[in-house]
There are 2 protein chains.
Amino acid sequence: MPRTAASPQRGQPTIVSIAERAGVSIASVSRVLNGLGARRDTVERVERAAAELGYVPNAVARSLKDGRTRQLTFAMPDIGNPVYVAMVRAIQSVAKAAGYRLLLHSTDAVVDDELAVLRSLGDRTSDGLIICPIRITDAHIEALRAAAGPVVVIGSLPDEVPVDSVRADSVAGASLAVHHLYETGRRRIAFVNGPADTVPGRNRHEGYRAALADCGLTYDPSLVVHTDFGIESGAEAAEALLHRSPDAVFCANDQLALGAARALHARALRIPEDVAVAGMDDSALAQAGWPPLTSVDLGSTERGRRAAELLLERLGAPDSPTPHTTTAPPRLVVRASTGRAAPDA
Amino acid sequence: MPRTAASPQRGQPTIVSIAERAGVSIASVSRVLNGLGARRDTVERVERAAAELGYVPNAVARSLKDGRTRQLTFAMPDIGNPVYVAMVRAIQSVAKAAGYRLLLHSTDAVVDDELAVLRSLGDRTSDGLIICPIRITDAHIEALRAAAGPVVVIGSLPDEVPVDSVRADSVAGASLAVHHLYETGRRRIAFVNGPADTVPGRNRHEGYRAALADCGLTYDPSLVVHTDFGIESGAEAAEALLHRSPDAVFCANDQLALGAARALHARALRIPEDVAVAGMDDSALAQAGWPPLTSVDLGSTERGRRAAELLLERLGAPDSPTPHTTTAPPRLVVRASTGRAAPDA
DNA sequence: ATGAAAGCGCTAACAA
DNA sequence: TTGTTAGCGCTTTCAT
């Protein structure tokens, strides 16, 4: 059954319905709607018809025509982590200002999911992608090279991969925290880290070790726990570390630190008098607990903003050959959880 | 300059390039790619060509053809609030399982933004919308009636508006908390509420008043503060309430409660011995602080999940006339922040 | 200033 | 089984 032009699929008005109602051609409708020249009365009739029909231009048709969707995709491991929330906010704000919508993907850090997202750039659903993988495999690198559209990576890529990226300096960040703990008198600094096989996990561990060496402290493996990022894990890890009697617990993110703080409170240990606690990310969580948490700001918001800006630049000049890499400098934010130890501690 | 079929816009392969390479028609390509019948060797040649070219179907073209984008939109006030994060997670998970992507909008609770989102349903960018307004104006209702596609509202709509919705029962929720505080011996129960002109604000206030009456306590306006939702606001409000010497502070969400707890800690007041604290939403924050927070679970995850399911149902049966309304029952989660008062308190 | 028509990439009805 | 063609809604030449 052939469908007549006057009865479109969903009853939604199209330029055809407007043209019929206004008694002009669809080309004129298009011109008027796009503010190009037209005779006064043509303009009026078209605008009236459009208003009366409640016309809204079909964005899909427009996209097909001009090859862009005005959508950006952000893929991150877990929207439950405040760090990624901060990134989403920053990206969303830049995107919105530039007239782009934001598509969200939670990958749960599953490699296949991340690769699928990368490949899906080819389906033209969005004009560009910001992806934040916590592991970077050879498959990632291959997929990045083969990407069918602009990509910005939030994370640490090998230098030879020709892709824009924004990285945190978590080596320096971890080091900052350890130095601070040392300077406020701590000597047995435990470390609750995330998974050892992730980029952040490796880097934070490296920073921790290096800073200990700087301070003339010996690295003691029994003061280090690897777990996953999460409040419960932090509590369990801290619990397990307590019999090593640390005087400080440095955690690879704020969620772990909050968990650690809870474990200490539960044992009636005072923070910071008995044990200091420091986290990383300086997320909203750092100020949620008691005492407020010393934390290393790794610039999540900054990184999100910068990634979005890079992506927009790339969309403006697709063939600019040189990939940009920015590194957000870490910043130590000292709060009450790391004051001086009690004299007798 | 006319563009030949063989050199498409972005160098991206299309069914035309595949057809040429495989020496068949585009229809055959389409059939093979969609798993319809074809001769063995046709299938092979098409699949080989597609693989060699790294073909990915253009989702925009497909959408234009069949009138659906397989995208859902979620519009909420603020992705920084854990409640909405919980909803995003739940919605994302349902959407993903059904093969839909998720488009995110942060409206900052700005009415014009929310109306724009509602209107933008007409541009066919997404197949349906979940919107979570905290104020519901006549303009909202009008826009909802005029919506060009399926909408589910998370929030309390007047009954006569023919739109699917999922609501929280924050009246009952607030009442639950107040009763619990009363039963654990509190008699001067202060209330830190959100903005008075929002639906949640009004309802929580109503629940608070009603519960006080139930318990035979008099409503004392000087024990009530209206502010906005946020940690800092909670701290300031609690600070301001302290000279009224409450024995409990009930807060309209967890962020406020965390702020209140901080203010109490800063004054060296013990929780719960001196003052009990309770929040609402039972978000991730409730277990982030110390002591862990008693909170009323208003089913954010549940509401998000349900809203997504309703939307998918509606997409399956667009003309089903009866709007569905679900109410998530509130659930009190008791934690350490509301133990019994100290005997002498 | 306006209209006819091509074409973006795809699917599906129809013909062969 | 396969190819030709129309058409989704829009923008944009190219004529008029």
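A note on names: the letters A, B, ... follow the listed sequences, proteins ahead of strands, and every chain is numbered from 1.
Side-chain proximity of A:Tyr55 to the nucleotides D:dG9, D:dC10, D:dG3 is greatest for D:dC10. With distances taken from any side-chain atom of B:Arg31 to the nucleotides D:dG3, D:dT12, D:dC10, the minimum falls on D:dG3. Side-chain proximity of B:Lys65 to D:dC10, C:dC10, D:dG9: nearest is C:dC10. For A:Ala27, taking side-chain heavy atoms from C-beta onward, the closest of the listed nucleotides C:dG9, D:dT12, D:dT4 is D:dT12.
Atom pair A:Asp66:CG and D:dG9:P shows a separation of 17 Å (rounding to whole Å applied). The distance between atom CD1 of A:Ile15 and atom P of D:dT11, rounded to the nearest whole Å, is 6 Å. Rounded to an integer number of Å, the gap from B:Leu33 CG to C:dG9 P is 15 Å. B:Arg70 places its CZ atom 13 Å from the P atom of C:dT11, with the value rounded to the nearest Å. Here the P atom of nucleotide D:dT13 and the CG atom of A:Leu36 are 11 Å apart, to the nearest Å. Counting to the nearest Å, the C1' atom of D:dG7 and the CG atom of B:Leu64 are 9 Å from each other. In this structure, the CZ atom of B:Arg45 is 14 Å from the C1' atom of D:dG3, given to the nearest Å. To the nearest angstrom, P of C:dG3 lies 11 Å from CD1 of A:Ile26.
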In sequence, state the C-alpha distance, the side-chain angles, and the governing distance for B:Val152 and B:Phe74, and then conclude on side chain to side chain contact (heavy atoms under 4.5 Å, CB included).
CA-CA 10 Å; B:Val152 175; B:Phe74 178 48; over 6 Å; no
Side chain to side chain contact (heavy atoms under 4.5 Å, CB included) assessment of A:His140 paired with A:Leu115
CA-CA 7 Å; A:His140 281 97; A:Leu115 298 180; 4.2 Å; yes
Begin with the C-alpha distance, continue with both residues' side-chain angles, and end with the deciding distance and a verdict on side chain to side chain contact (heavy atoms under 4.5 Å, CB included) for B:Arg101 and A:His105.
CA-CA 8 Å; B:Arg101 303 176 144 99; A:His105 266 276; 4.2 Å; yes
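Residue contacts shown for A:Ser30 include a base, since a base heavy atom lies under 4.0 Å away. Among the atoms of the strands shown, only primed sugar atoms or phosphate atoms (P, OP1, OP2) are found under 4.0 Å from some heavy atom of B:Thr42. At the heavy-atom level, A:Val60 lies nowhere under 4.0 Å from the strands shown. B:Ala38 comes within 4.0 angstrom of sugar-phosphate atoms only, judged by non-hydrogen atoms across all strands, and of no base.
For D:dT2, one of the phosphate oxygens OP1 or OP2 lies less than 4.0 angstrom from a side-chain nitrogen or oxygen of B:Arg39. At D:dG3, one or more side-chain N or O atoms of B:Ser28 fall inside 4.0 Å of OP1 or OP2 (strictly under the cut-off). The side chain of A:Thr14 places no N or O atom within less than 4.0 Å of a non-bridging phosphate oxygen (OP1 or OP2) of D:dG9. Residue A:Arg62 has a polar side-chain atom (N or O) positioned under 4.0 Å from OP1 or OP2 of D:dT11. Between C:dT11 and B:Asn34, a contact under 4.0 Å exists linking OP1 or OP2 to a side-chain N or O.
For the residue pair B:Thr107 and B:Ala75, the shortest heavy atom distance occurs at CG2-CB, 4.2 Å.
Judged by distance alone, the side chain of B:Asn58 and the main-chain N or O of B:Val60 form a donor-acceptor pair under 3.5 Å.
With hydrogens and angles left out, the side-chain atoms of A:Tyr100 and A:Arg68 include a donor and acceptor closer than 3.5 Å.
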